[in-house]
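Heavy-atom basis, side chains included; hydrogens, waters and symmetry copies ignored. Just follow the structure's listing: the first ligand is 1, and inside any ligand the first atom is 1. Predicted model only: the values in this text are computed from it and were never measured.
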Amino acid sequence: MDELRAAVTPIGYYFGRATPNEDQFERLARVLPMERVHAAWDGSRAVGGAGAFPFTLTVPGGRVRAAGVTVVAVLPSHRRRGVLRSMMRAQLDACRENGESVAYLWATEDTIYGRFGYGLASLTIEIDLARDRSAYYAPAEPFGQTRLVPLAEAESLVAPVWERVAAVTPGMFARTSTWWQARALADPDWRRRGGGELQCAVLEAGGRPTAYALYRLNLAFDRGMQTGSLDVVEAMGDSPEATRAIWRFLLDVDWIAHIKAWLLPVDHPLLLLVAEPRRLRANVRDGLWVRLVDVGAALAARSYATPGSVVIEVADEFCPWNQGRWRVGPDGVERTNHPADLSCDVTALGCAYLGGLTWAQLGRSLRVAEFRPGALSRADALFRVDTAPWCPEIF
Ligand SMILES: CC(C)(COP(=O)(O)OP(=O)(O)OC[C@H]1O[C@@H](n2cnc3c(N)ncnc32)[C@H](O)[C@@H]1OP(=O)(O)O)[C@@H](O)C(=O)NCCC(=O)NCCS
């Protein structure tokens, strides 16, 4: 426990703390196995740390064991000496030994992880919608019944909804009960950042929960007029009707001027539900970064949308075991000596893996070389997904 505490001190430093907040540390220790944490030591002091949550990640058409990389930091007194590089080495080697074919993360800076083989794999949008401009394009039929639920009673209602959505949404991970209690449904003071308490609304239809929302009210008034916001922490439904209804609930809470949400997928239904999409003031930024630790196993774990195959020549300096030519398609993924259709760095595979970025995009950005005309289109037909990757939570 002392070593774990030391290993997370560097990330705590960047949040402005010399020693970890005890409550924060205790919650982290419940979900982050000690053996999945690396630290870099200078004498008895940990000057760098990096952890990996043992996740089950949804990929197109399946699920895969994946490392959710977290709490990465190196103290400013020891930066730019290769400490991060050595921790990334140890971490990816450990993932490979553990049989985790994918590692993925949220990056605080875009420049950090590309050199270790991570590619930008999803985009995410943030919205700030004025409540008085939040009408839907067409009035919605009432659907289900929404009730406010105390956090202590929420898990059994919201976890099945998350699980149904997570099972079919690339980028989402399976949450354990410990995760719900230690993180998603926890509302310690330090997480409020001056905002209101964490609230939970559950929508029931057909005798079962079908949608939920976790959110905070941040009240403010200017000369008697409301200026505050409702900040959506997480909201989802297991059907289009349920999603539409839970968002209508959020958009209609009184005393609120703005509804704010972030980490939404780029294909979120709200874009087409509201009458004035421009009023969402949607802002796009990078989402997940994905690293294929074991290219063969990772590519074999997802499904492909058409018959046929494509041969991809992969370069991977940091994990050279992945280098070479791979035939990829629904009949299997295997090493091959056949001439390559495409060639790219492993980062490009990370971009395309969850279906968040297309091969055509990669081609236009010169991140992949096409050796046969039509190979990029063929790869896009294979890798095509119906749902943009989405991870509703920064870990
Ligand atoms: C980002 C951070 C972990 C880098 O640690 P570090 O020990 O200085 O990194 P290294 O010395 O191993 O650097 C490895 C390489 O990455 C480069 N690099 C590292 N961080 C970089 C950054 N933020 N921007 C650009 N390049 C960076 C280094 O120049 C070096 O390049 P090279 O391989 O060409 O020599 C550290 O600066 C840090 O803790 N930052 C604040 C916390 C943070 O952002 N954590 C990440 C959370 S997702």
Side-chain angles (χ1 to χ4, degrees), residues 3-21 24-25 27-29 31-32 36-43 45-55 57 66-95 100 102-124 126 171 173 183 190-191 193 262-263 285-293 315-320 322-323 345-347 350-351 354 356 367 389 391-395:
E3 287 191 354
L4 184 61
R5 193 176 274 108
V8 299
T9 302
I11 191 70
Y13 167 87
Y14 288 100
F15 284 100
R17 292 180 185 281
T19 51
N21 163 335
Q24 200 169 2
F25 174 71
R27 290 176 188 284
L28 182 69
V31 287
L32 181 60
R36 301 308 309 271
V37 179
H38 289 91
W41 300 87
D42 184 354
R45 178 164 205 192
V47 296
F53 292 118
F55 280 157
L57 166 71
V69 175
T70 189
V71 296
V72 174
V74 174
L75 287 179
S77 52
H78 288 71
R79 68 202 275 277
R80 307 303 183 258
R81 297 186 203 173
V83 172
L84 174 66
R85 176 167 287 270
S86 65
M87 293 193 302
M88 289 287 108
R89 173 82 276 142
Q91 189 180 64
L92 286 171
D93 288 347
C95 291
E100 285 164 334
V102 178
Y104 73 121
L105 50 79
W106 293 90
T108 45
E109 285 187 83
D110 327 47
T111 43
I112 303 175
Y113 296 101
R115 72 193 69 238
F116 307 120
Y118 287 83
L120 170 57
S122 77
L123 298 172
T124 169
E126 185 172 350
F173 57 87
R183 291 182 61 124
W190 57 267
R191 282 182 82 177
R193 299 200 176 131
W262 69 325
L263 309 182
R285 52 159 281 195
D286 61 301
L288 297 173
W289 292 72
V290 165
R291 208 285 177 222
L292 303 194
V293 179
D316 190 349
E317 237 178 77
F318 202 64
C319 298
N322 287 323
Q323 307 223 76
D345 185 72
V346 72
T347 53
C351 297
L354 298 175
R367 300 286 290 261
C391 182
E393 176 182 4
I394 291 188
F395 49 82

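Counting heavy atoms from C-beta on, the side chains of Ser86 and Arg81 never come closer than 4.5 Å. Residues Trp289 and Asp110 are in side-chain contact: their nearest non-hydrogen atoms beyond the backbone lie under 4.5 Å apart. Leu288 is not listed as a side-chain neighbour of Leu105, based on a closest heavy-atom distance of 4.5 Å or more. Side-chain atoms of Tyr118 and Ile112, non-hydrogen and from C-beta on, never get closer than 4.5 Å to each other.
Relative to the six-membered ring of Phe116, Arg291 misses at least one condition, a distance below 6.0 Å or an angle of at most 45° to the axis.
The protein heavy atom nearest to atom 34 (O) of ligand 1 is Arg115 NH1, 3.2 Å. Of the protein's heavy atoms, Thr108 OG1, 3.6 Å lies nearest to atom 43 (C) of ligand 1. When only non-hydrogen protein atoms are considered, atom 39 (O) of ligand 1 lies nearest to Val74 N, 2.8 Å. The nearest protein atom to atom 11 (O) of ligand 1, hydrogens excluded, is given as Gly82 N, 2.7 Å; this is a heavy-atom distance. Regarding atom 42 (C) of ligand 1, its nearest protein heavy-atom neighbour is Tyr14 CD1, 3.7 Å. If you check which protein heavy atom lies closest to atom 37 (O) of ligand 1, you get Arg80 NH1, 3.0 Å. Regarding atom 45 (N) of ligand 1, its nearest protein heavy-atom neighbour is Val72 O, 2.8 Å.
Atom 5 (O) of ligand 1 lies below 4.0 Å from at least one non-hydrogen atom of the protein. Within 4.0 Å of atom 13 (O) of ligand 1, not a single protein heavy atom is present.
Of all the atoms in ligand 1, the ones that sit under 4.0 Å from a non-hydrogen atom of Tyr113 are 46 (C), 47 (C), 48 (S). Listed by number with element, the atoms of ligand 1 under 4.0 angstrom from any heavy atom of Glu109 are 23 (N). Of all atoms in ligand 1, listed by their number and element, those nearer than 4.0 Å to a heavy atom of Trp106 are 48 (S). Short contacts between ligand 1 and Ala73, defined as distances under 4.0 Å to a heavy atom of the residue, involve ligand atoms 39 (O). Against a heavy-atom cut-off of under 4.0 Å, Arg85 is close to the following atoms of ligand 1: 12 (O), 33 (O). Those atoms of ligand 1 with a heavy atom of Arg79 less than 4.0 angstrom away are 8 (O).
Judged by distance alone, with hydrogens and angles left aside, the side-chain atoms of Asn21 form a donor-acceptor pair with the main-chain N or O of Gln24 at under 3.5 Å. With Glu100 contributing its side chain and Pro54 its backbone, the two residues share no donor-acceptor pair below 3.5 Å.
Between Glu393 and Arg183 there is a salt bridge, with a side-chain nitrogen of the basic residue lying less than 4.0 Å from a carboxylate oxygen of the acidic one.
With ring centers used as reference points, Phe395 lies under 6.0 Å from Phe55.
Residue contacts with ligand 1, taken as heavy atom pairs separated by less than 4.0 Å, involve Ile112 solely via side-chain atoms from C-beta onward. If you look at Phe15 next to ligand 1, there are no close heavy atoms at all, none under 4.0 Å.
In terms of heavy atoms, Gly287 sits closest to Leu120 at N-CD1, 3.9 Å.
More than 12 heavy atoms of other residues, nucleotides or ligands sit less than 6.0 Å from atom CZ of Arg191.
Summarising the contacts of atom 25 (C) of ligand 1 with Leu84, Ile394, Thr111, the nearest heavy atom is found in Thr111.
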